[in-house]
Amino acid sequence: MSMLKRSLSLIIIAFMIASLVWSSCLKPCHARQWNPNIPTWTKNNYHKIAPVEKLSGTTTGNAAVFNVLNYGAKGDGRADDTKAFEAAWAAACKVKASTIIVPLGSVFLVKPISFSGPNCQSDIVVQLDGKIIAPTGSASWGSGLLQWIEFTKLQRITIKGKGVIDGQGSVWWNDSPTYDPTQDLEESMSGKMPGTKPTALRFYGSNGVTVTGITIQNSPQTHLKFDDCTNVQVSSVSVSSPGNSPNTDGIHLQNSRDVTIYGSNLACGDDCVSIQTGCSNVYIHNINCGPGHGISIGGLGKGNTKACVSNVTVRDIKLQNTLTGVRIKTWPGGSGSVQNVMFSNIQVSEVETPIKIDQFYCDKSKCSNQTSAVAVRDIHYINIKGTYTKEPVHLACSDSLPCTGVSLNTIQLKSVQASQHLSGPFCWKAYGQLETATVPPVDCLKSGATVQAKSESC
């Protein structure tokens with residue numbers, strides 16, 4: 001019995017000692033646990049724990065998250081949130097694989113802004129779930145700017161989410177000022193918008209650019225532009241502006257390489273996708289286009305300049321109520337070449353001209369014919385079907401530098417009204433082959449090849 005009592009006493013004593021040890025370490029143990037509201041940050045080479053009341057960013061695992069609301073953004077659609085976005089970017093720029101949050105349920109009025117490298121860390125993500133709107137008063141734009149929101153000289157930058165970028169372009173198209181809540185009423189109503197209309201979202205000099213899920217609407221001019229970028233991927237993007245809005249291209253590519261665009265709906269007042277000089281290895285597929293001017297390469301060679309585009313594939317495209325379907329357009333007097341292009345599996349509905357090459361392109365009242373031209377060669381059209389409202393095929397090539405290597409395979413295009421007299425296929429200085437019979441017959445395409453005049457190589 002006494003032995004049992006001694007054993008119980010020892011157990012009780014051990015339990016009391018363990019309790020004292022546990023309670024003494026309880027507070028510091030809890031203080032060391034991860035708190036999403038207390039991220040570690042680096043300043044002047046010292047690692048500190050920032051006070052909770054001063055924090056704007058948070059950490060999730062190994063990633064830093066910066067919510068624009070924590071940097072002073074109001075998100076009410078009236079207050080100017082530009083400085084809050086700039087501050088959130090300045091913080092995120094310093095952290096590799098950081099994320100900027102533009103939260104759902106808020107509307108952010110942001111003036112022209114640039115998110116700039118090259119000193120930023122890589123793999124930054126902008127999680128856009130809310131809505132960003134552009135100012136509509138002339139004072140915000142000065143004498144005119146080329147872009148509204150710009151990302152420049154970055155490595156692996158991603159814009160994703162279900163949010164909206166709204167350029168509020170009607171004030172530019174209608175050339176009439178509207179009330180801007182960030183300005184004095186008299187000031188915001190005092191003047192017309194400047195003549196230079198901005199692109200809504202532009203990426204410049206960046207590598208590894210991803211844009212996915214977002215909507216860009218009512219841009220004053222082009223909606224989404226990539227200039228001097230490599231390794232670009234655009235997917236599940238929606239572009240929306242009226243069919244009569246001027247020069248509102250959906251996606252514009254210039255001097256960019258290794259580009260993939262897919263799974264997107266593009267409705268605008270100009271080219272759904274515009275491919276300009278310096279572009280190569282471009283792959284566009286599964287796109288709905290309309291209204292708009294179709295999928296276009298060019299215009300190239302304006303002002304007697306050299307233009308080079310190569311290795312472009314456009315497939316599995318639906319176009320409805322557009323000016324053209326798939327088009328190549330070059331200015332007289334240019335040089336360089338467009339080569340190795342394939343348009344395949346193109347479905348057109350009530351498109352004015354589904355297939356078009358125009359080496360006499362000119363958007364002025366008068367342009368003179370010139371001997372030099374951008375060479376057009378090795379252009380392939382495969383499985384293009386549907387209805388047209390003006391003419392099915394228009395191949396107008398240069399007198400001095402005809403198109404060569406043009407091939408047509410499984411072309412079936414019908415007038416929207418069988419009884420209506422519409423123009424048939426038109427060809428001028430176009431050489432290539434019919435790989436299958438076409439509807440309607442494209443008898444004007446010249447077989448074989450012609451000796452081309454010397455063209456400036458790319």
Side-chain angles (χ1 to χ4, degrees), residues 134 148 164-175 197-201 211 213-226 234-253 261-276 282 284-299 314-329 343 345-358 361 363 381 384-394 413-417 420 422-423:
W148 167 32
V164 176
I165 294 175
D166 188 345
Q168 305 205 92
S170 61
V171 64
W172 298 83
W173 312 326
N174 299 331
D175 199 25
K197 299 178 176 66
T199 290
L201 177 60
V211 180
I214 67 171
T215 294
I216 310 173
Q217 63 190 32
N218 300 321
S219 177
Q221 195 160 262
T222 298
H223 288 77
L224 175 59
K225 179 183 289 187
F226 299 93
V234 179
S235 65
S236 303
V237 164
S238 176
V239 165
S240 177
S241 63
N244 62 353
S245 55
N247 301 313
T248 53
D249 292 58
I251 301 174
H252 179 101
L253 306 177
I261 302 170
Y262 66 96
S264 297
N265 298 309
L266 309 177
C268 55
D270 210 311
D271 297 327
C272 290
V273 181
S274 172
I275 304 169
Q276 298 295 327
V282 177
I284 302 168
H285 66 97
N286 297 97
I287 298 292
N288 294 321
C289 168
H293 292 183
I295 310 293
S296 295
I297 299 175
V314 178
R315 55 174 283 267
D316 299 310
I317 307 294
K318 292 182 179 179
L319 303 108
Q320 185 169 9
N321 297 318
T322 57
L323 181 67
T324 62
V326 289
R327 171 171 59 163
I328 298 173
K329 48 183 178 177
F343 301 109
N345 299 336
I346 311 294
Q347 183 69 44
V348 296
S349 177
E350 299 185 41
V351 171
E352 282 196 20
T353 307
I355 297 173
K356 189 166 188 175
I357 297 177
D358 183 7
Y361 178 74
D363 61 5
Y381 302 91
I384 300 179
K385 300 178 179 180
T387 59
Y388 64 94
T389 63
K390 186 176 180 180
E391 60 181 337
V393 177
H394 184 96
L413 300 169
K414 299 180 180 180
S415 167
V416 290
Q417 296 181 354
Q420 184 179 2
L422 297 176
S423 299

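We count residues from 1, following the sequence as given.
The closest donor-acceptor contact from the side chain of S415 to the backbone of Q417 lies under 3.5 Å. Here the side chain of T353 pairs no donor or acceptor atom with the backbone of P392 at under 3.5 angstrom. Looking only at distances, a side-chain donor or acceptor of Q276 sits under 3.5 Å from a matching main-chain atom of G298. The main-chain N or O of L319 is never found under 3.5 Å from a side-chain atom of T322 such that the two would form a donor-acceptor pair. Although no hydrogens or angles enter the test, the distance criterion places a donor-acceptor pair under 3.5 Å between the side chain of S219 and the main chain of A200. Formation of a donor-acceptor pair under 3.5 Å by the D166 side chain with backbone atoms of Q168 is found in this model.
The two residues C272 and G290 have their closest heavy-atom pair at SG-N, 3.8 Å. Residues T248 and P220 come closest through the heavy atom pair CG2-O, 4.0 Å. Contact detail for G250 and V239: the closest heavy-atom pair is CA-CG1, 3.9 Å. In this structure, I384 and V326 approach most closely via the heavy-atom pair CD1-CG2, 4.4 Å. Considering all non-hydrogen atoms of both residues, P198 and W148 come closest at CB-N, 3.9 Å. Here the shortest heavy-atom pairing between V351 and G325 reads CG1-N, 3.6 Å.
Here the straight-line distance linking atom OG of S238 with atom CG of L266 works out to 8.0 Å at 0.5 Å rounding. Rounding to the nearest 0.5 Å places CD of Q221 at 5.5 Å from OG1 of T199. The structure places OG1 of T215 at 9.0 Å from CG of N265, a figure rounded to the nearest 0.5 Å. To the nearest 0.5 Å, atom CD1 of residue I284 and atom CG of residue L253 are 6.5 Å apart. Remark: I251 CD1 to C289 SG distance equals 10.0 Å, nearest 0.5 Å. To the nearest 0.5 Å, the span separating CG on D270 from OG1 on T222 amounts to 7.5 Å.
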Worked verdict on V393 versus Y381 for side-chain contact (heavy atoms from CB on, under 4.5 Å): CA-CA 11 Å; V393 177; Y381 302 91; over 6 Å; no
Evaluation steps, side-chain contact (heavy atoms from CB on, under 4.5 Å), between K329 and S296: CA-CA 7 Å; K329 48 183 178 177; S296 295; 4.1 Å; yes
side-chain contact (heavy atoms from CB on, under 4.5 Å) assessment of N244 paired with W173: CA-CA 9 Å; N244 62 353; W173 312 326; over 6 Å; no
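Considering L224, V234, V164, L201 as possible partners of I214, the one that fulfils the side chain to side chain contact (heavy atoms under 4.5 Å, CB included) test is L201.
Looking at heavy atoms from C-beta onward, I317 lies out of side-chain contact with F343 at the 4.5 angstrom threshold. Looking at heavy atoms from C-beta onward, L413 lies out of side-chain contact with T387 at the 4.5 angstrom threshold.
The pair D271-R327 meets the salt-bridge criterion, with a side-chain N (NZ, NE, NH1 or NH2) lying under 4.0 Å from an Asp/Glu carboxylate O.
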